[in-house]
Amino acid sequence: MHLIQNIRLQLNFIGSISPKYLKFSLLRATTTSALSVLEIILFTLLVNIFTSNSNYNGLKNQIVISIITISLLSLLKNWLTYKLGIIENSFHSLLEQRLYKLKLDLPYQKIDDPQLNTKRENILKSLFATDNGIDTFVAHIEKFTNSFLTIVLSIFFVLRPMYYVFNVNIFWGVIILSTAILVVDASIKNGDNSQRKIFELYRKGSQHNSYTEYYNNDYLESESANKDIRIYNQASMILDEIMEKSRVPWMNIVVGKHSILRKHKGSNSILTNIFKIELYGVLGIIASSGLISVSLLFQSIMAFEKISLSFISLFAYYKEIKGDIFYNDALLEYIDEVSIESQITKDKYKIDLSKGLNFEFDSVYFKYPGADNDTLIDINLKIKNGDLIALVGENGMGKSTFIKLLCRLLKPTKGAIYLNGINIQDYDESYEELFSAIFQDFLIFSFSIKENIVMNQYFEKERFDWSLKQIGMYEKIQSLPFKEDTYINKNFCEYGTGFSGGELQKLAICRGIYKEAQVFVLDEPTSAFDAISEQNLYEKLARDIKPEISIYISHRLSSCKNCNNIIVLHDGMIVERGEHSILLNKKGKYYELWKLQAKHYVS
């Protein structure tokens, strides 16, 4: 029952992605089985013409009808195969799209969940890289159905000769029947054992693909990495690493799998041949005594041959379906887990800007999954309209985590953050619309400049040009042959243009400016700026762009002088807060950091 329930769940999942996939596959299975049986009928009719005294015209008409039926069914099968080729390709794309969407819908804090990521990586590696899984499940169901229907239909052609076998010598009948049962039982056990061994091989081997995936998709595609590869002569090392840790182990798995299958097929072949020798010997004796006709003898042999092969296929595909379920269960568990994590409660609050913006951190703690210590500890802070805030502290003190919590990318492990008295977790998607955030690890895509800045918003030429002017990139963009439609880099367009690190940072900031959000956040995306350029940018943001709230993270404390509230973080806690002059007079942590930077400029 558990197996049937799993099959039903997985077929429902496949149907939710591609409703026609299973229907067309089962129709092709039925057509293939019908063609197989019609071959027996046609062969029997042809033998009858030459070996019996039956009505020639009647046999001829039956042969013509059989040929026409076979031709029509063959055309139907070819059409189904054509349609299924399209459906299968579409299914692959839709399935990958479903998995990508699931990841995109995940709460940000779950993106780095080690357990969830390990599950997803193993699923993606095994999804199309093995002979089992969701990709082959429908094909195995189709072939299993084909084998089953062929057996059922072919049995009608062996009932009469088997009746004669039992009638002539019941002992022969018992021996043949017992051998058939033993062959089926041994085939099932052999198949289950082989499947377990193959699944274990793939389970242990899935990690080997991590090396190839990392080098091919991450390392070798990185422009920075390619510089290091050449400077430090890493090419031979990488090739050796891939060969030693991925290619060789994976080939050992493939060889091991084929060794298991060879033994499985060999033992099945021996058992099946023993059964055939017994059966055909007995049928030959009965035919020679004149109890059955030559045509019936050939008909029986063909039917038994099809039943024999179909039985082998039936249990082989039964074994494959069980293997598919191993992989598919992991896939469905992952989808269920991610879907639960991604669920958004209905009837959430919408942002009411008429009330202004009043944020409050109330005893907020945060710890990353798997970490031993809290990153942020007992954060209590109010942020309101008009605030120009600087977050200050050494590396690893929790500044970026603070921003991610405010943007609702992360959820506090203890305490809560409120906006106008309502927990920010209780707002709908309009909450994220409040923020223009440019993080230190921002990403510029290999798309056009316009697409990188406008993103998913409506393009307004005047606003777009104004945003470029604010960060001093308007003249540069206008000088390009395709202006804002110029592609960044040459990944997708030979006329693409490369930009310096500072220019890319400016484009990322322009993206934030174009959004015109109420809260503007700069999480240290200006590392390629010189101190004067950074100071000018902050002044321009405050003077010309005028968001309701601005929050800056910068290691250049000179850029924080104009902020009306400087928050100093140390060991995950707020140790100081206030204006620049007040904090200097306190001679605390901020003063210590300020003096440390100032002495370098003075010296």
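Below, each value reflects all heavy atoms present in this structure, side chains not excepted, and no hydrogens, waters or symmetry copies. All values derive from a computational prediction rather than experimental measurement.
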May I ask you to decide whether Lys589 forms a salt bridge with Glu592, counting only side-chain N to carboxylate O separations under 4.0 Å? yes

What class does the angle between the rings of Phe464 and Tyr514 fall in, given that below 30° is parallel, 30 to 60° is tilted and above 60° is perpendicular? perpendicular

With no hydrogens and no angle check, do the side chains of Gln470 and Ser467 hold a donor and an acceptor under 3.5 Å apart? no

Could you report the tightest heavy-atom contact between Ser18 and Phe91, atom names first, then the distance? CB-CD1, 4.0 Å

If I take atom CE from residue Met397 and atom CG from residue Asp571, how far apart are they, to the nearest 0.5 angstrom? 5.0 Å

Crowded around Gln97 CD? As in, over 12 foreign heavy atoms under 6.0 Å? no

Hey, does Asp428 have a side-chain heavy atom less than 4.5 Å from the side chain of Tyr349? no

Among Glu433, Glu432, Glu429, salt bridge (Lys or Arg N to Asp or Glu O under 4.0 Å) partner for Arg408: Glu432

Minimum side-chain heavy-atom gap Ile488-Ser446 below 4.5 Å: no

Using 0.5 Å steps for rounding, measure from the CG atom of Asn380 to the CE atom of Met573. 12.5 Å

Under the side chain to side chain contact (heavy atoms under 4.5 Å, CB included) rule, what do Asp426 and Tyr418 come out as? Steps first, then yes or no, please. CA-CA 9 Å; Asp426 295 329; Tyr418 297 94; over 6 Å; no

Can you find a pair of side-chain heavy atoms, one from Ile574 and one from Val568, that are under 4.5 Å apart? no

Is the backbone N or O of Glu579 less than 3.5 Å from a side-chain atom of Asn565, with the two atoms forming a donor-acceptor pair by type? no

Scanning both residues in full, the closest heavy-atom pair of Cys407 with Phe435 reads SG-CD2, 3.8 Å

dist Lys411:NZ -> Ile424:CD1 (nearest 0.5 Å) comes out at 10.0 Å

Give a yes or no answer on whether the side chain of Thr486 reaches the backbone of Leu480 with a donor-acceptor pair at less than 3.5 Å. no

Kindly indicate whether the side chain of Leu419, heavy atoms from C-beta on, has any atom under 4.5 Å from the side chain of Leu434. yes

Do the rings of Phe482 and Tyr495 sit parallel, tilted or perpendicular, given the 30° and 60° boundaries? tilted

Is the shortest side-chain heavy-atom distance between Lys384 and Leu357 below 4.5 Å? no

Whether the Glu484 and Ser448 side chains hold a donor-acceptor pair (N or O, under 3.5 Å, no angle test) is what I'd like checked. no

Does atom CZ of Phe459 have more than 12 heavy-atom neighbours, drawn from other residues, nucleotides or ligands, at distances under 6.0 Å? yes

Could you walk me through whether Tyr427 and Ile422 pass side chain to side chain contact (heavy atoms under 4.5 Å, CB included), step by step? CA-CA 8 Å; Tyr427 283 104; Ile422 297 172; 3.6 Å; yes

Residue among Ile389, Leu388, Leu391 satisfying side chain to side chain contact (heavy atoms under 4.5 Å, CB included) with Cys563: Leu388

Looking at every heavy atom in both Ser16 and Phe13, which two are closest together, and how far apart are they? OG-O, 2.5 Å

For Tyr368, run the side chain to side chain donor-acceptor pair (under 3.5 Å) check against Asp374, Thr401, Asn373 and tell me which one passes. Thr401

Looking at CD of Glu516 and CZ of Arg463, how far apart are the two atoms once the value is rounded to the nearest 0.5 Å? 4.5 Å

Side-chain heavy atoms of Leu522 within contact of Ile551, under 4.5 Å: no

Donor-acceptor pair, side chain of Asn452 and main chain of Phe445, under 3.5 angstrom: yes

Are Ile513 and Ile471 packed together at the side-chain level, in the sense that at least one heavy-atom pair is separated by less than 4.5 angstrom? yes

For Lys350, is there any backbone N or O sitting under 3.5 Å from a side-chain donor or acceptor partner on Ser430? no

Out of Ile377, Leu406, Asp378, Ile379, which one pairs with Val364 under the side chain to side chain contact (heavy atoms under 4.5 Å, CB included) rule? Ile379

Between atom CZ of Phe447 and atom CD1 of Ile453, what is the distance when rounded to the nearest 0.5 Å? 14.5 Å

d(Trp594 CH2, Ile566 CD1) to nearest 0.5 Å is 8.5 Å

Give the intermediate values and the outcome of side chain to side chain contact (heavy atoms under 4.5 Å, CB included) for residues Val392 and Leu569. CA-CA 6 Å; Val392 174; Leu569 286 167; over 6 Å; no

Looking at His580, Glu576, Arg577, which one forms a side chain to side chain donor-acceptor pair (under 3.5 Å) with Tyr590? His580

Do any N or O atoms from the side chain of Asn585 and from the backbone of Ser581 form a donor-acceptor pair under 3.5 angstrom? yes

Test side chain to side chain contact (heavy atoms under 4.5 Å, CB included) applied to Ser550 and Tyr552, step by step: CA-CA 7 Å; Ser550 298; Tyr552 306 144; 3.7 Å; yes

With side chains defined as the heavy atoms from C-beta onward, is the minimum distance between Arg511 and Ile444 less than 4.5 Å? yes

Minimum heavy-atom separation for Phe366 to Pro412, with atom names? CD1-CA, 4.3 Å

For atom NZ of Lys461, is the number of surrounding heavy atoms from other residues, nucleotides or ligands below 6.0 Å larger than 12? yes

Assess the residue pair Lys399 and Asp523 against the criterion (salt bridge (charged side-chain N to carboxylate O under 4.0 Å, His left out)); give the C-alpha distance rounded to whole Å, side-chain angles, the decisive distance to 0.1 Å, and a yes or no. CA-CA 8 Å; Lys399 303 184 295 296; Asp523 181 4; over 6 Å; no

